[in-house]
Amino acid sequence: AQSVTQLGSHVSVSEGALVLLRCNYSSSVPPYLFWYVQYPNQGLQLLLKYTSAATLVKGINGFEAEFKKSETSFHLTKPSAHMSDAAEYFCAVSYNTNAGKSTFGDGTTLTVKP
Amino acid sequence: ETGVTQSPTHLIKTRGQQVTLRCSSQSGHNTVSWYQQALGQGPQFIFQYYREEENGRGNFPPRFSGLQFPNYSSELNVNALELDDSALYLCASSLERRNTEAFFGQGTRLTVV
């Protein structure tokens, strides 16, 4: 069975500071891993994905994530936070090359302070 | 190219009633997945449809059912509504059953009173 754990339900950073959102996964087979962002009362937007190619993945809006198999982690980072980054972030895992059947973490709310 | 659209955006139902939610997949996508997102939680997989057939189901009771039509649009039906069914219901479409990306709609906010 696959599962996702997002450490820290709330993360607060100052504008311009490093953003680090943590995600650990468990999967019995090689995983596909995703980070999504959700703004209030909206659906999910894909930030980036790992699909067994390069372990360092770059996404939209300056975000990136590194797949570390030995640590079963896929943490999301951004060097410099912007006010517009304030949102809910979800890490998700899927297998069998089917992104539509994903298991999501409980999310991390990112607050950006001016 | 239009994205994934869901209707209605909001609705309120009474416990015990039935509800139908609709989803139009992105152009050319033949795979549709449905998720339930309760307040403060991540989305949970309900089921997926591929070319009008169910292609996997999550841990949801049979009163959650679905359909996919020849144009690949989809419906989610929930019978005998319970208070705990109050949630944001998300639809996601993919180009094929084997896919590396799913595109989400804006969701339908269902409130059961």
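Computed from heavy atoms alone, side chains included, the values below leave out hydrogens, waters and symmetry copies. Chain letters run A, B, ... following the sequence lines, proteins first, then strands; residues in each count from 1.
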[X] portion near chain A, given a 4.5 angstrom heavy-atom threshold:
X        : value
B/Gln37  : side chain
B/Gln106 : both
B/Thr31  : neither

> Centroid-to-centroid, B/Tyr35 to A/Phe104, below 6.0 Å?
Replying inline: yes
Taking side chain as everything from C-beta outward and backbone as N, CA, C, O, which of these in [X] sits under 4.5 Å from a heavy atom of chain B? Side chain, backbone, both or neither.
X        : value
A/Leu44  : both
A/Gln38  : side chain
A/Lys101 : both

> What residues, two or more places apart in sequence or in another chain, satisfy side-chain contact (heavy atoms from CB on, under 4.5 Å) together with A/Ser94?
Replying inline: A/Tyr32, A/Phe34, A/Ser102
Enumerate donor-acceptor pairs with a distance under 3.5 Å from any side-chain N or O in residues 70-77 of chain A to protein atoms, sequence neighbours excluded.
unit_1  : atom_1 : unit_2  : atom_2 : d
A/His75 : ND1    : A/Cys23 : N      : 2.9
A/His75 : ND1    : A/Cys23 : O      : 3.4
A/Thr77 : OG1    : A/Glu64 : O      : 3.4

So if you build clusters from Ile, Leu, Val, Met, Phe, Trp, Tyr with side-chain heavy-atom gaps below 4.5 Å, do [X] and [Y] land together?
X       : Y       : answer
A/Phe67 : A/Val19 : yes
B/Leu83 : B/Leu11 : yes
A/Tyr39 : A/Phe63 : yes
A/Leu33 : A/Val37 : yes
B/Phe60 : B/Tyr89 : yes

> So which of B/Glu101, B/Gln41, B/His10 has the largest heavy-atom pair count under 4.5 angstrom toward chain A?
Replying inline: B/Glu101
> In terms of heavy-atom pairs under 4.5 Å with chain A, which of B/Gly105, B/Gly42, B/Pro43, B/Gly58 leads?
Replying inline: B/Pro43
>> Does B/Arg57, at its CZ atom, have more than 12 non-hydrogen atoms belonging to other residues, nucleotides or ligands within less than 6.0 Å?
In response: yes
> So which of A/Ala92, A/Gly43, A/Gly105, A/Cys91 has the largest heavy-atom pair count under 4.5 angstrom toward chain B?
Replying inline: A/Gly43
> Where do A/Gly100 and B/Ser33 come nearest, in terms of heavy atoms and distance?
Replying inline: O-OG, 3.0 Å
> Tell me, do B/Asn55 and A/Asn98 make a side-chain contact under 4.5 Å, heavy atoms counted?
Replying inline: yes
